[in-house]
Amino acid sequence: MCLAVPGRVLHIEEGPLLTATVSFGGVTKDVSLVLVPEARVGDYVIVHVGFAISKLDEEAAQRSLDAFAALGELGEPEESAP
Amino acid sequence: MKYVTEFRDSKAARALSEAIRRTVRRPWTVMEVCGGQTHAIVRFGLDALFPPGLTLVHGPGCPVCVTPVGLIDQAIHLASLPGVIFCSFGDMLRVPGSVRDLFAAKAAGGDVRVVYSPLDALTLAQAHLDRQVICFAVGFETTAPAFAAAVVQARRLGVKNFSLLVAHVLVPPAIGAILNAPGNRVQGFLAAGHVCTVMGCKEYDELVRRHRVPIVVTGFEPLDILEGVLLLVRQLEAGRAEVENQYARSVRRQGNPEAQAVLREVFEPVPRAWRGIGEIPQSGLRLRHAYAEFDAIERFGGDVALVGEGGVEDAECRSGLVLQGLLKPPDCPAFGIRCTPERPLGAPMVSSEGACAAYFRYRRRTDSLQEVRHGE
């Protein structure tokens, strides 16, 4: 039920529901940005039941991936969370 | 798919599981709250990567599973009324009511339609002005803002033939109920990342303060869950109890203010019965008085309210224990024999987030393969 999937905003229509075309790995769907009005074309948003519920923080995602990579190379857990 | 595939990398998964093994020195029992996480754990076999002392138990985070039988009976009653189009997410259709499910209501002539979004139901209402369109509003804090936004939009457009049968539930009161239960053995929680995307972390600060348990807000991909577990066992081993945010790419501490605003505008908290668990104070939502015209129970009157009072659950179904993390699905005597996705005794066998469905779908084959190997 709480399944939500990241997709990239391709186009935004003005209007009360801020309907956007969002691409999920090439498959596009109409999504309302009314809960994430700050989202812009090119942003990744996390989409649940037809609504974006957050703008994906790409820097935070990269920090997580970097931390995983470092963990693999060092073989030692870092004390601080990413 | 970007921001999905990278979080399924097997090399990083091994590194994280190694880090978990090195960290764990004592036995711990932790709970993943969300059924989406349960499915990822069972599907990707993440529990096999944990050291023997670390036990993961599955929580009540499946809104379909905890919807009381009385509400399912009301849904079936409404769906069977002439002139009604009843809309629902797909996994609600096979959930058993007292005597039948929504599929049976559809087979008997009820106009039951599966929707992906509350907005699909609103569009149906606009296209069928001579019919009443009722949408089954099921879900946690993640989903409630979408239904709230649909109600606001219906009012803005003057749509008069659209209403909700509200079954929304809230996560923090359920965590509180688990911690307050006499037999509780859960020592730390992975909180549901998408609920916290909407609500933020504040309610969890309060739970940590009151119960001294660590809570890690966690995402849904394998690496998210492994990192969430790592952060949790580090806290447990160090004797810390804090709210940590593993899922920073989506969760901000304050949550999503727009989503919270529309949720509060349209809904208010009420006591709610959870299927298999019982009533939990202030753990559900109902439409506020100002939006009562969109309440299907108000609109369709006394009969519907009465239908909801006589719900009878299957006597053999042990979903209440499963939902509280006290029983693993394969340990239920009915599992896979008298209870299957085609003929379920309870909701966790049919919901896309149900723990029983996860074990049925991903574990039966492995178990039977192992049996074959043993027999060779």
Side-chain angles (χ1 to χ4, degrees), chain A residues 1-8 15-19 22-27 29-39 43-82, chain B residues 1-4 6-7 9 11-12 14-16 18-19 22-23 34-36 61-64 89 91 116-120 138-140 142-143 145-147 149 153 156-157 192-195 197-198 220 223-224 227 230-231 234 244-246 248-252 256 258-259 262 351-353:
Chain A
M1 189 64 59
C2 289
L3 179 72
V5 185
R8 188 160 178 266
L17 283 176
L18 288 175
T19 305
V22 175
S23 167
F24 302 91
V27 179
K29 238 180 146 29
D30 282 351
V31 168
S32 170
L33 300 183
V34 76
L35 304 176
V36 189
E38 70 275 20
D43 286 343
Y44 277 84
V45 288
I46 293 184
V47 177
H48 173 67
V49 299
F51 289 80
I53 55 170
S54 71
K55 192 177 124 173
L56 191 141
D57 182 338
E58 298 191 54
E59 285 179 19
Q62 196 52 52
R63 278 198 297 278
S64 291
L65 295 171
D66 291 346
F68 300 149
L71 198 60
E73 279 159 25
L74 294 174
E76 277 296 324
E78 289 177 357
E79 242 349 273
S80 61
Chain B
M1 214 161 70
K2 195 159 164 67
Y3 297 116
V4 174
E6 306 94 306
F7 289 87
D9 178 67
K11 186 165 166 253
R14 274 194 297 275
L16 282 163
E18 264 311 303
R22 280 197 303 269
T23 306
C34 174
C62 166
V64 168
F89 296 137
D91 51 358
Y116 157 74
S117 166
L119 294 176
D120 297 341
V138 179
F140 285 120
T142 317
T143 319
F147 279 96
Q153 178 70 354
R156 185 184 288 135
L157 296 171
H194 290 140
V195 168
T197 294
V198 169
F220 299 84
L223 298 190
D224 291 322
E227 189 184 28
L230 176 61
L231 297 176
R234 277 187 192 161
E244 267 182 288
N245 180 11
Q246 181 279 327
R249 66 186 184 279
S250 181
V251 177
R252 325 275 119 84
N256 177 333
E258 276 82 11
V262 73
S351 167
S352 57
E353 290 181 314

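Remember, predicted model here, so these are calculated numbers, not experimental data. For the numbers below, each heavy atom of this structure counts, side chains included, while hydrogens, waters and symmetry mates do not. Within every chain, numbering begins at 1; the chains are lettered A, B, ... in the order of the sequence lines, protein sequences first and strands thereafter.
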Task: Portion of V27(A) that has a non-hydrogen atom of chain B nearer than 4.5 angstrom - done: neither
TODO: For L35(A) and A52(A), work out which heavy atoms get closest and say how close.
DONE: CB-O, 3.5 Å
TODO: Could you tell me which portion of A192(B) (side chain, backbone, both or neither) has an atom closer than 4.5 angstrom to a non-hydrogen atom of chain A?
DONE: neither
Task: Aromatic centroids of F140(B) and H194(B) separated by under 6.0 Å - done: no
Open item on the list: Please classify the contact between E59(A) and chain B as side chain, backbone, both or neither, with a heavy-atom cut-off of under 4.5 Å.
Closed with: neither
TODO: Give, as side chain, backbone, both or neither, the part of I46(A) having an atom under 4.5 angstrom from any heavy atom of chain B.
DONE: side chain
Open item on the list: Using the salt bridge (charged side-chain N to carboxylate O under 4.0 Å, His left out) criterion, which residues pair with D43(A)? Sequence neighbours excluded.
Closed with: K55(A)
Task: Per-residue contact mode, R252(B) against chain A (heavy atom under 4.5 angstrom) - done: side chain
TODO: With a 4.5 angstrom heavy-atom cut-off, could you sort out which part of V251(B) is near chain A: side chain, backbone, both or neither?
DONE: neither
Task: Which portion of K11(B) sits near chain A, non-hydrogen atoms under 4.5 angstrom - done: neither
TODO: To the nearest 0.5 angstrom, please state how far the OG atom of S54(A) sits from the CD atom of E258(B).
DONE: 12.0 Å
Open item on the list: Under 4.0 Å between a side-chain nitrogen and a carboxylate oxygen: does that hold for D224(B) and R249(B)?
Closed with: yes
Task: Y44(A): ring-ring contact (aromatic ring centres under 6.0 Å, His included) partners, not counting sequence neighbours - done: Y3(B)
Task: Most contacts with chain B, counted as non-hydrogen pairs under 4.5 angstrom, among I53(A), V45(A), D30(A), V36(A) - done: I53(A)
- [ ] Using a cut-off of under 4.5 Å on heavy-atom pairs, state which of V4(B), V198(B), L16(B) scores highest against chain A.
- [x] L16(B)
Open item on the list: If you count heavy-atom pairs within less than 4.5 Å of chain B, which of L17(A), V5(A), V34(A) leads?
Closed with: L17(A)
- [ ] Below 4.5 Å from any heavy atom of chain A, which atoms of E18(B) appear? Answer side chain, backbone, both or neither.
- [x] neither
Open item on the list: Taking every non-hydrogen pair under 4.5 Å, which of A146(B), P118(B), P145(B) racks up the most with chain A?
Closed with: A146(B)
